Amino acid sequence: MRDRTTDIEDVCQRVLRNFDTEHEETAPDEPDHLHILVAYDLSPSATAAINQHQVLGFATEQGSVTSHTAILARSLGIPAVVGLRNALFNLHALDSCILDGYEGKLISNPTPETAARYRELEEGHQRRRAELDKLRDLKAITTDGHPIILSANIKSEEELDLVDRSGAEGVGLFRTEFFLLEKEECPDEEEQAALYSRVARRVEPSEVIFRTLDAGGDKLPGEPLSEPEPNPFLGWRGIRFSLDRKDLFKEQLRAILRAGSAGRVGLMFPLISGIGEVRQAKSLLAECVAELAARGVEFNQDIAVGAMIEVPSAAMIASDIASEVDFFSIGTNDLVQYTVAVDRVNPRVAKLYRSAHPGIVRLIKMVIDGASQHHIWTGVCGEMASDLILLPLLVGLGVDELSVGAPLAPLVKQAVRLLDFEECSTLANQCLQAAETKKIVQLCSKVATAAYPELIQEGSGGASAPSFAVHPS
Ligand code: PEP
Ligand code: MG
């Protein structure tokens, strides 16, 4: 029953609305009718299934910036406002609305003046985006020559067009769970190998990093593989699930190894909390190498293997874990949730969810230091990577790669190109001394606003602000 709460609430709302005889609740079905979808909540899988030809954007009463629903909207380029309490109560189907993802507003029945003002704003945004698109083939490099690899986060093959258009250098995070869990049965090794190989071929000569199955958490409510748990984010998630379900895990590992012969492929393990998990996962990977060799199929045993750092315990022993892997990718969405103890999907505590918390800044520094001791690179693939206010801090701390929702890549690239690495390093040192989130945001805002004032507005809805708006384009 707990699992179905959203559905029941949704039905209740509809029943209540239907008592209201003044307003008929029929959604138009003409195929060319464009909608703004307003719902109590949307699951990540429902968001992934949104028909973008009909749905212009969506607003939900539940959710927060780092819920998977919001992350997916951002990476698909769908404007969205989440955590908009009581949005449904004052609305009627077929009301005309404006969805302002920059400011986090849903305006129903706008006056002609408001509509005209928004049309102007929209044209301005479109013009600026067109300018940014021209940077497609340029590198993300600071004014004093410090390079950053800028790659994209995706969850499906269909998003590769967006990646191409964005000018991102490859895929820094492929969330495989949406493909693996969308049906009753997990796709088998053949089906997975075919998909991963197609993606690897498309992304060549750049690299694609497949994250192994991260089941659990808020991903897919009612997903066939997991059972309801009292604390899903602390439960059977990520690598824990994979190490218990070796059958499924090894199928995926073999499929990724096989894709390694089609292009540049890396893999990374989610939710690592200690070195034992990395060693266990690697030993299963070695078994898969032996099995594929015995079968005589084509594969690449030298693909890069990384650990996602998204649990504080892993960040604290990063220098030990670094000796076992080829790279780190910091999953700040979870790292913040677990470090600050704030549920990433609960709008009630969303204002406490702050990526600029001094604890987070110091942990990221620890991870980067641990990585450099073993000469491996560190990326950031959580939403913090596309937060333009905190970007100078990440650059200054020495992050090598940033992986962001594809529609945000041009913005982040332009921002990096306007930053000075020396200045960012000084800023990072100041932030490492700071004891208050507010102070860190202040320091970062000063540098960011001086470097790219016009870009900040385009990229609003970042995780540094306690805002619930998500609007990528
Ligand atoms: C993260 O936690 O930052 C991350 C990238 O993984 P996900 O958002 O899928 O949990
Ligand atoms: Mg995560």
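Just so you know, these numbers use all the heavy atoms, side chains as well, and skip hydrogens, waters and symmetry mates. Remember, it's a predicted structure, so these values are computed and weren't measured experimentally. Both ligands and their constituent atoms are indexed starting at 1 by order of listing.
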Check: Is the Mg ion (ligand 2) less than 2.8 Å from an N/O/S atom of Asp214, whether that atom is in the backbone or a side chain?
Finding: no
Sorted by chain and number, sequence neighbours left out, side-chain contact (heavy atoms from CB on, under 4.5 Å) with Asn346 holds for Asp343, Arg348, Val349
Is the shortest side-chain N to carboxylate O distance from Lys155 to Glu177 below 4.0 Å?
no
For Asp334, the atoms of ligand 1 under 4.0 Å from one of its heavy atoms are 1 (C), 2 (O), 3 (O), 10 (O)
Exercise. Is Asn300 reaching over with its side chain to a backbone N or O of Asp302, donor-acceptor style, under 3.5 angstrom?
Worked result: yes
So the angle subtended at the Mg ion (ligand 2) by Glu310 atom OE1 and Asp334 atom OD2, rounded to 10 degrees, is 100°
Measuring from non-hydrogen atoms of Met384 to any atom of ligand 1, is the shortest distance under 4.0 Å?
no
Counting heavy atoms under 4.0 Å, the part of Leu173 that contacts ligand 1 is side chain
Nearest heavy atom to atom 8 (O) of ligand 1, choosing from Arg344, Glu383, Gln337, Met268, belongs to Arg344
Under 4.0 Å from one or more heavy atoms of Glu310, ligand 1 contributes atoms 1 (C), 2 (O), 4 (C), 6 (O)
### Sub-3.5 Å N/O-N/O distance, Glu177 and ligand 1
no
Near Arg237 (heavy-atom distance under 4.0 Å), the atoms of ligand 1 are 10 (O)
Gly331 heavy atoms within 4.0 Å reach ligand 1 at atoms 1 (C), 2 (O), 3 (O)
| query | Hey, does the side chain of Asn333 reach the backbone of Gly382 with a donor-acceptor pair shorter than 3.5 angstrom? | reply | no
The ring pair (Phe, Tyr, Trp, His ring centres under 6.0 Å) partners of Phe328 (sequence neighbours excluded) come to none
message: Students often mix this up, so state it plainly: with edges at 30° and 60°, are the rings of Phe178 and His68 parallel, tilted or perpendicular?
response: tilted
Could you tell me how the ring of Tyr102 sits relative to the ring of His125: parallel (under 30°), tilted (30 to 60°) or perpendicular (over 60°)? parallel
